[in-house]
Protein chains: 2
Amino acid sequence: MVVDQLRETELDRLFQAFADSTRRDIVRRVTVGEYTVSGLAGLYAMSFAAVQKHVAVLERASLVTKEKRGREQIVRGNHEGLQKARRLLDEYEAIWQQRVGRIADILAEG
Amino acid sequence: MVVDQLRETELDRLFQAFADSTRRDIVRRVTVGEYTVSGLAGLYAMSFAAVQKHVAVLERASLVTKEKRGREQIVRGNHEGLQKARRLLDEYEAIWQQRVGRIADILAEG
DNA sequence: CTATCGTACAACCAAATGGTTGTAGATCAG
DNA sequence: CTGATCTACAACCATTTGGTTGTACGATAG
């Protein structure tokens, strides 16, 4: 499976990004509205730098975008990354459903 | 957010489990069919112990179950974990869609 | 019975992760 | 201009992660 090497590391980053509750919360918030980095930082019991790193992880995973406005940086949700992750899990579920369907068929025949 | 503390660590494990391409491949395979641990180990360019650890991670995340059969251990996919992850991402997308809808409304009014 | 197989687990290692503090550059307010 | 604010980034630290090898033990085959 040398194919889709890029897609694999992309997915690594995607799921890695989701594997932290602070980052999931950030995604939830910036999907609904807009926040500056320090606006987000104010919400959590950790340093500004820590939150900044979390935002950077989300940005690398294409789950979030940043846009400079004056001295502030506006963080927004990025629908594409979200869709990509969901679609993958849909695939897995489809495979599973196929299997369940096949088993049901076998049971019905027997 | 002290609430759902358990659910959060549960989700940490779930997404962490998906954040590795070998583990995603294992999930794909055991969702379709059944494999022993050494059967899986034969598929990847790494030690038996490494694959065993990957399976353990998937088991802790409730994505996979193991069942002893003689000296072998049968690994199977677990639909529940899969559904849980997908449902969460659905929530995120629903929130997003609400937002997009609201913006569309505003634009329509203006 | 003995050798082999499938598994589990401990000990170890390098690299990544999640956090910290400190420094520095833009931008804005007065 | 000066000081405060927002951001970025480096350096550091403890813990986790993903891998290794080696040992041990129950189940199976011959």
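Here is the naming used below: chain letters follow the sequence lines, and residue numbers restart at 1 for every chain. Just so it is clear, the model here is predicted, and its values are computed rather than measured.
Note: CD (B:Glu72) to C1' (C:dA8) measures 15 Å, nearest angstrom. Atom CZ of B:Arg69 and atom P of D:dT28 are 11 Å apart (whole Å). One interatomic measurement links the two molecules: CZ of B:Arg71 to C1' of D:dA27, which rounds to 6 Å at whole-angstrom precision. For the pair A:Phe48 CZ and D:dC6 P, the computed distance is 9 Å after rounding to whole Å. Atom CD1 of B:Ile26 and atom P of D:dG18 are 12 Å apart (whole Å). At whole-Å resolution of the value, CD in A:Gln52 and P in C:dT23 are 17 Å apart. Computed from coordinates, the B:Arg23 CZ to D:dG19 C1' distance equals 12 Å when rounded to whole Å. Counting to the nearest Å, the C1' atom of D:dT21 and the NZ atom of B:Lys53 are 11 Å from each other.
B:Ala49 comes within 4.0 angstrom of a nucleotide base, judged by non-hydrogen atoms across all strands. Residue B:Thr22 is classed as having no contact, given no heavy-atom separation below 4.0 Å to the nucleic acid.
Both B:Val75 and B:Leu82 sit in one connected hydrophobic cluster of ILVMFWY residues. Membership requires side-chain heavy atoms under 4.5 Å apart, directly or through other members. Put simply, B:Met46 and B:Val30 are part of the same group of oily side chains (I, L, V, M, F, W, Y) that touch within less than 4.5 Å, one to the next.
The side chain of A:His54 contributes an N or O atom lying less than 4.0 Å from OP1 or OP2 of C:dG19. For the pair A:Lys66 and D:dA8, the criterion of a side-chain N or O lying under 4.0 Å from OP1 or OP2 is met. Remark: A:Ser38 is not in phosphate contact with D:dT5, judged by side-chain N or O atoms under 4.0 Å from OP1 or OP2. Note on B:Ser47: a side-chain N or O is less than 4.0 Å away from OP1 or OP2 of D:dT20. Taking side-chain N and O atoms only, B:Thr36 has no distance below 4.0 Å to OP1 or OP2 of C:dG6. For the pair A:Gln73 and D:dA8, the criterion of a side-chain N or O lying under 4.0 Å from OP1 or OP2 is met.
Between the side chain of A:Gln73 and the main chain of A:Lys68, a donor-acceptor pair closer than 3.5 Å is present.
Closest-nucleotide positions on DNA chain C for B:Gln16 and A:Gly70 were compared, and the one nearer the 5' end corresponds to B:Gln16.
By the 4.5 Å heavy-atom criterion applied to side chains, A:Val64 and A:Arg23 are not counted as neighbours.
Interatomic distance, A:Arg86 CZ to B:Leu88 CG, rounded to the nearest 0.5 Å: 12.0 Å.
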